[in-house]
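Beneath this line is the structure, given in structure tokens, with notes to follow.
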Amino acid sequence: MKDFYELETISMGTIITQKIYGENSQKAALKVEEEIKKLESLMSFFLETSEISKINRNAGLNAVEVSADVLYVLNRAKYFSEVSSGAFDITIGPVAKLWGIFTDKAKIPSQEEITSSLKFTGHRDITIDNSLGSVKLEKVGESIDLGAIAKGYAADKAIEIYKQYNIDSAFVNLGGNVMVLGTKPDGSPWKIGIQNPLLRRDLCLGAVHAVNKTIVTSGDYVRYLQKNNKKYHHILDPRTGYPSDSGLISTTIVSEKSIGADAISTAIFVLGLEDGVKLVNSLKDMEAIFITEDKEIHVTEGLKKDFHFFDEVEGFIYKI
Ligand code: ADP
Ligand code: MG
């Protein structure tokens, strides 16, 4: 058995990379791949056979029995909607569909279309019966989209599996949702790059040094439609139905659990710097990096010792 194993998988609409050290590395990687594919088949908005699609088809009609995984993610999603005053909202589906930002049919909808699709959103319309293990959307036309939280849950699952296989050093990246177990094999912290949001992928403006942490970034550069000199990106403000315009171009959460990091990185992107900082400071075990369209970088207090700004990155200012 090899001591190091690296695996790339396409799933959940992204490339998933695992780097694992230790005796069971290959077995653990394959098990994680299998688990992620299982989660995708349960949670995809696009697969007709997923439990999420079943809930969506039964909106306004019936409660649908779901697996423990889906039940857990929906309970957490509702919690993150509440703490973020609705900035994070998995019922954004009808609005996301209208914009089509994740498809090849992206377009700018009319105000009328946006106003009417907003009537079919609202996290309070998700009714969960935990004793029956069932979920219902209250109105016909409503839908759930776990695109902003499922990868975080999958990252947590990956780390659980590594532990079951006695791995003590591993890295997993689900398209920007990074999570690390332990240190690097040489005992030093993992160094996770924070992308320069103004440049093409993989050029970083800083790095977070991390041990047993998750680092999740939401950015306006990931998927977007460019029209009339304006960027229409894929993170929507549930209050307006438009791509959020809060003055931020990238937000990162550093935490011990990836499900919350994924949800809150999306939420603070919508909330903006001031409310975002307040939210992060009100939550246990969360630190954040905010990058504004004015090229300012703001880092919460508890993360300053682990965030390393690359001074040579032109134009960006690290606000201490
Ligand atoms: P990514 O998955 O691209 O890294 P996010 O985690 O920020 O980025 O999730 C964005 C995805 O979540 C969108 O593609 C859309 O499906 C959905 N979404 C958009 N806006 C919101 C929102 N305010 N709350 C919850 N989900 C959202
Ligand atoms: Mg997210």
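We number each residue from 1, following the sequence as shown. Indexing begins at 1, ligand by ligand and atom by atom, following the structure's order.
Of the possible polar contacts, none joining the Asp168 side chain to the Gly182 backbone as a donor-acceptor pair under 3.5 Å is found.
At a threshold of 4.0 Å, the pair Glu113-Lys107 counts as salt-bridged, since one of the basic side-chain nitrogens sits closer than that to a carboxylate oxygen. Using a cut-off of 4.0 Å between Lys/Arg side-chain N and Asp/Glu carboxylate O, Lys151 and Asp262 are scored as not salt-bridged.
For ligand 1 and Pro238, the ligand atoms under 4.0 Å from any heavy atom of the residue are 23 (N). Per-residue contacts place Phe88 under 4.0 angstrom from the following atoms of ligand 1 (heavy atoms of the residue considered): 24 (N), 25 (C).
Between Tyr21 and Trp190, the ring planes are tilted. Angles from 30° to 60° get that label.
Side-chain contact, Gln26 with Tyr165: no donor N or O sits under 3.5 Å from an acceptor N or O.
Under a hydrophobic clustering in which Ile, Leu, Val, Met, Phe, Trp and Tyr are joined whenever their side-chain heavy atoms come within less than 4.5 Å, directly or via other members, Tyr162 and Val178 fall into different clusters.
Heavy-atom neighbours of Arg57 CZ from other residues, nucleotides or ligands within 6.0 Å: above the threshold of 12.
In Ala96, neither the side chain nor the backbone holds a heavy atom less than 4.0 Å from any atom of ligand 1. The backbone of Ala87, and not its side chain, has at least one atom closer than 4.0 Å to an atom of ligand 1 (non-hydrogen atoms only; backbone = N, CA, C, O).
Here's the thing with Asp89: one of its N/O atoms is less than 3.5 angstrom from an N/O atom of ligand 1. Not one N or O of Ile92 is nearer than 3.5 Å to an N or O of ligand 1, by distance alone.
For the Mg ion (ligand 2), protein N, O or S atoms under 2.8 Å: 4 in total.
Evaluated by nearest non-hydrogen atom to atom 17 (C) of ligand 1, the leading choice among Asp145, Val216, Thr217 is Asp145.
Across Phe310, Phe290, Phe307, a single residue satisfies ring pair (Phe, Tyr, Trp, His ring centres under 6.0 Å) together with Tyr318, and that is Phe307.
For the salt bridge (charged side-chain N to carboxylate O under 4.0 Å, His left out) condition, the pairs that include at least one residue of residues 58-76, sequence neighbours left out, are Lys38-Asp69, Asp69-Lys157.
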